[in-house]
Colleague: 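Below is the structure I would like to discuss, written out as C-alpha cells.
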Amino acid sequence: MNELLKKSALELADMLAAGQITSVELTQACLDRIHAVNPRVNAFLLIDDDGALATARDIDERRARGEKLGRLAGVPIALKDNMVTRGKDTTCGSKILEGWKPPYDATVTLKVAEAGMPVVGKTNMDEFAMGSSTEHSAYGPTGNPWDLDRIPGGSGGGSAAAVGSFMVPLALGSDTGGSIRQPGAVTGTVGVKPTYGAVSRYGLVAMASSLDQIGPVARTVADAAALQEVVGGHDPFDSTSLDEPVAELEKLTAQAAGKPLAGTRVGVVTELQGEGYQKGVLDSFNASVEVLKGLGAEIVEVSCPSFDYALAAYYLIMPAEASSNLARFDGMRYGIRVEPESGHVTAETVMAATREAGFGDEVKRRIILGTHVLSAGYYDAYYGSAQKVRTLVQRDFTAAFEKCDVLVSPTAPTTAFKFGDKIDDPMAMYLNDIATIPANLAGVPGLSLPCGLAAEDGLPVGFQILAPAREDARMYQIAGALEAGIGEPIALSCPASEWEEQA
Ligand code: GLN
C-alpha cells in the first residue's frame, strides 16, 4: 500500500501546502487503492476517477498560482450515497433510485467542492439509511476492513470501511440513530454526529427529518474536526440550520490534545452499560474512563432513566417520518418506473408496482409501521406517546448536563458481528443502536472514537462522548484529549494495510 494513505487528512493537507505532494498524486493513490481493494470490500457504489482528478488538477494549478486555499484543499473525500450530486448517480442503496441523476447538489456537496476536496466516489449504505450492517443495501453488503466476514456497521458502513481500509482519508456520513457513530465503533474509525442543525441537510435524501444529521468520518479526532468546519454552518436552504458561526474546531481539538482535563466532569451513563453489552466492549470502555481520570477528569455516574425507552420511541418516530418522506418515490419523479404485470395501467397501479419492485423488505417494514402509527386510530397511542418519551429523554440530558460537562458510554453494545447473524431478527439489529439513539432524539452532538480492541475477538471498540447542543467544540476537545491519552492509534493497526493489492 502507498504509505501516503496511512497519513491523516491534516498531515496530507500540510504536505500539500508545503508542496511535498500534489493533489493529483494523492488522489491517484486513493483511486488506485480503491480499484485494487473495493472489489472485496464493496464500500463504493460509484467511483469517480475523472471528477476527482479534475478537482485535483484544478487545486494544484491554483496552488501553483499562489492562490489562498482552504485547509483541506486537495485532500480526497467520499460521500455517502444519500447526498445528492448533480448529474452523478445517487441511489441511497436502493433499487428504486437506480440510474437517477440528481439535477442539483446538496449543500455539503457544494461545500466540499468549494473547499477544493476531490470527491473520489459515493459510498454504500443500508437502503435509505435503514439498518446497522449495510446488509440492507440493494447493491450487496460492505465488508469490515478488520474481518471481511463481518459487518462494517450501518447504515454508513461504506464510508466507515472506505476510511478504515485506507481508500480515502475522509468521508461524510449521515446519522439518524447512530449511522455514523456505530460504523465508526465497529471499524476502528472516528465518527461524529454534530448538533442537529450544525450541518445543512439540504440535498440529503431524508429518512427521518427531525433526527437526520450529516457528519464526518475520519481516522483521527482532529481530522473530523477539520471536516466539520468545512461542511458546517448556516444554510438558508435548510430551515432547521443553526444560524451561528462554526467554532474553530480543529484548533481547539489540537490545543486539547496532551493537556490535562482538570475541572472537567465526565458522566458515565448508568443505563448505557451492563446487560447486553459485550465484556470486551465494557473492559475497553472502562479502561478509557480510567485514562480520562488519569488526565484529571472527575468521573461521576449519572442516571438517565428515560434512555431505557429511547429505542422504542425511536422506532415509532423514525418510521412515522420515513413513511411520509418516502412517499415521494412513486415512479413518477425519480428513478425506476415499473408497470403492473396485469390489469389496468393507472397512476396508482404503476406507483404500487414501482414501490413493490423498488423497495427492499426493511424499507417496506418501516413504511408499513410508520403509516400504521400515524393512522387516525393509533396516532395518540403510538406516535403521541413516543413524542412524550422524546421530551423525557431531552429532560434527562438537560438534568445530566447540569451535573457534568459531557456524558460517555460505549458507542455500540458489541463489536462487529458476522454477516447473517442478525438479518432475520430486526429487533436484534435495532438493539445495536441502543446507545446512540438518545442523542438523535435530543439533537445533541455525539462522537465515537476507537478506544481499544476487545480481548475476546480482537475487534475495535468505540467510545462515545455526548455533549450539550451547540457544544460540539467541547466534545471534540475531550475526544482529542482522550485520543492522545490512549496513545496507540487503533485505526492504523487495521489489517487492511497488509492486504495484497491486485489491480
Ligand atoms: N440503525 C438505525 C436504523 O436502522 C440508525 C440508522 C441511521 O442512523 N440512519 O434506523
Side-chain angles (χ1 to χ4, degrees), residues 79-83 91-94 123-137 141-142 151-160 171-187 191-194 196 199 201 204-217 310-323 325-326 359-370 373 386 390 411-414 416-417 421-423 425-448 462 464:
L79 306 181
K80 188 176 180 181
D81 206 23
N82 57 353
M83 296 165 201
T91 67
C92 295
S94 181
T123 57
N124 199 10
M125 55 185 283
D126 286 292
E127 186 175 4
F128 287 107
M130 300 179 185
S132 305
S133 70
T134 71
E135 290 169 291
H136 293 304
S137 167
T142 298
I151 60 102
S155 63
S159 283
L172 285 177
S174 66
D175 192 310
T176 305
S179 284
I180 298 176
R181 290 164 287 158
Q182 180 258 9
V186 300
T187 60
V192 187
K193 182 198 95 70
Y196 183 77
V199 179
R201 288 182 296 109
L204 169 70
V205 179
M207 176 190 181
S209 315
S210 77
L211 303 160
D212 297 343
Q213 183 57 58
I214 292 177
V217 177
L311 187 78
Y314 173 84
Y315 275 99
L316 294 169
I317 295 167
M318 174 273 301
E321 294 187 22
S323 70
N325 277 324
L326 269 57
F359 286 142
D361 288 348
E362 183 63 22
V363 174
K364 286 178 187 155
R365 181 181 293 130
R366 295 194 194 194
I367 292 173
I368 292 168
L369 189 63
V373 305
R390 185 172 193 171
T411 308
T414 68
F417 48 91
D421 268 8
K422 305 200 172 170
I423 191 78
D425 183 354
M427 198 54 206
M429 187 75 87
Y430 298 168
L431 277 166
N432 238 265
D433 297 306
I434 191 113
T436 45
I437 280 172
N440 301 81
L441 289 174
V444 305
L447 177 154
S448 177
Q464 177 174 238

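As a basis for the values below, the full set of heavy atoms in this structure was taken, side chains included, without hydrogen atoms, waters or symmetry mates. Whatever order the structure lists ligands and atoms in, that order sets their numbers, starting from 1.
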Colleague: Would you check whether Asp433 has a nitrogen or oxygen atom less than 3.5 angstrom from a nitrogen or oxygen atom of ligand 1?
Modeller: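 Min N/O separation from ligand 1 is below 3.5 Å for Asp433.
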Colleague: If we set the cut-off at 4.0 Å for heavy atoms, which region of Met125 has an atom near ligand 1: side chain, backbone, both, or neither?
Modeller: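 No part of Met125 is near ligand 1 at this cut-off.
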Colleague: How long is the straight-line distance from CE of Met318 back to CD1 of Ile437, given to the nearest 0.5 Å?
Modeller: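 One finds 7.0 Å between CD1 of Ile437 and CE of Met318.
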Colleague: Is there at least one pair of N or O atoms, one from Thr176 and one from ligand 1, spaced under 3.5 Å apart?
Modeller: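 Right, the criterion is met.
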Colleague: Please identify which atoms of ligand 1 are closer than 4.0 Å to at least one heavy atom of Ala129.
Modeller: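 Close to Ala129: 6 (C), 7 (C), 9 (N).
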Colleague: Below 3.5 Å, N or O to N or O, backbone or side chain included: is there any such pair between Met130 and ligand 1?
Modeller: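 In this structure, Met130 places no N or O atom under 3.5 Å from an N or O of ligand 1.
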Colleague: On a heavy-atom basis, which atom in Thr123 and which in Ser159 lie closest, and how many Å separate them?
Modeller: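 Answer, listing the atom of Thr123 first, then Ser159: OG1-OG, 2.8 Å.
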Colleague: Quick one: does Ser210's side chain get under 4.5 Å of Arg390's, heavy atoms only?
Modeller: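 Yes - at least one pair of side-chain heavy atoms lies under 4.5 Å apart.
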Colleague: Is it true that the side chains of Ser174 and Asp212 contain a donor and an acceptor less than 3.5 Å apart?
Modeller: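 There is no such pair (donor and acceptor under 3.5 Å, judged by atom type) between the side chains of Ser174 and Asp212.
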Colleague: What I want to know is whether Gly131 and ligand 1 share at least one N or O pair that is separated by under 3.5 angstrom.
Modeller: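 Checking ligand 1 against Gly131, an N or O pair does fall under 3.5 Å apart.
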Colleague: Can you name the atoms of ligand 1, numbered from 1 with element, that are less than 4.0 Å from a heavy atom of Tyr314?
Modeller: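 By the 4.0 Å cutoff, the relevant atoms are 2 (C), 3 (C), 5 (C), 6 (C), 10 (O).
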Colleague: Which is closest to atom 4 (O) of ligand 1 by heavy-atom distance: Met318, Arg366, Glu362?
Modeller: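 Nearest heavy atom to atom 4 (O) of ligand 1 lies in Arg366.
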Colleague: So, Asn124 and Thr134: side-chain donor and acceptor under 3.5 Å apart, yes or no?
Modeller: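 There is no such pair between these side chains.
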Colleague: Is the Phe128 ring parallel, tilted or perpendicular to the Phe359 ring (thresholds 30°, 60°)?
Modeller: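 The rings of Phe128 and Phe359 stand perpendicular, inter-plane angle above 60°.
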Colleague: Check each atom of ligand 1 against the heavy atoms of Tyr315 and keep those under 4.0 Å away; list them by number with element.
Modeller: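 Atoms satisfying the 4.0 Å criterion: 2 (C), 3 (C), 4 (O), 10 (O).
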Colleague: Using a strict cut-off of 4.0 Å, indicate which atoms of ligand 1 neighbour a heavy atom of Gly177.
Modeller: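 Matching atoms, with element in brackets: 5 (C), 7 (C), 8 (O).
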Colleague: Taking the side chain as every heavy atom from C-beta outward, state whether Pro413 and Ile434 have any atom pair closer than 4.5 Å.
Modeller: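 Sidechains of Ile434 and Pro413: in contact.
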Colleague: Can you tell which of Gly156, Ser155, Ser179 gets a heavy atom nearest to atom 7 (C) of ligand 1?
Modeller: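 The residue whose heavy atom sits nearest atom 7 (C) of ligand 1 is Ser179.
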Colleague: Might you point out which heavy atoms bring Leu311 and Leu431 nearest each other, and give the distance in Å?
Modeller: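 Answer, listing the atom of Leu311 first, then Leu431: CD2-CD2, 3.6 Å.
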Colleague: Pairs of nitrogen or oxygen atoms closer than 3.5 Å, one from Met207 and one from ligand 1: do any exist?
Modeller: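 No; every N/O pair is 3.5 Å or more apart.
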Colleague: Can you list the ligand 1 atoms lying under 4.0 Å from a non-hydrogen atom of Asp175?
Modeller: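 What qualifies from ligand 1 is 8 (O).
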Colleague: Once you round to the nearest 0.5 Å, how far does CG of Leu211 lie from OG of Ser179?
Modeller: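 Those atoms lie 11.0 Å apart.
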Colleague: So, regarding Gly154 and ligand 1 (criterion: nitrogen or oxygen to nitrogen or oxygen, under 3.5 Å), is there a contact or not?
Modeller: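 For ligand 1, there is no N or O atom that lies under 3.5 Å from one belonging to Gly154.
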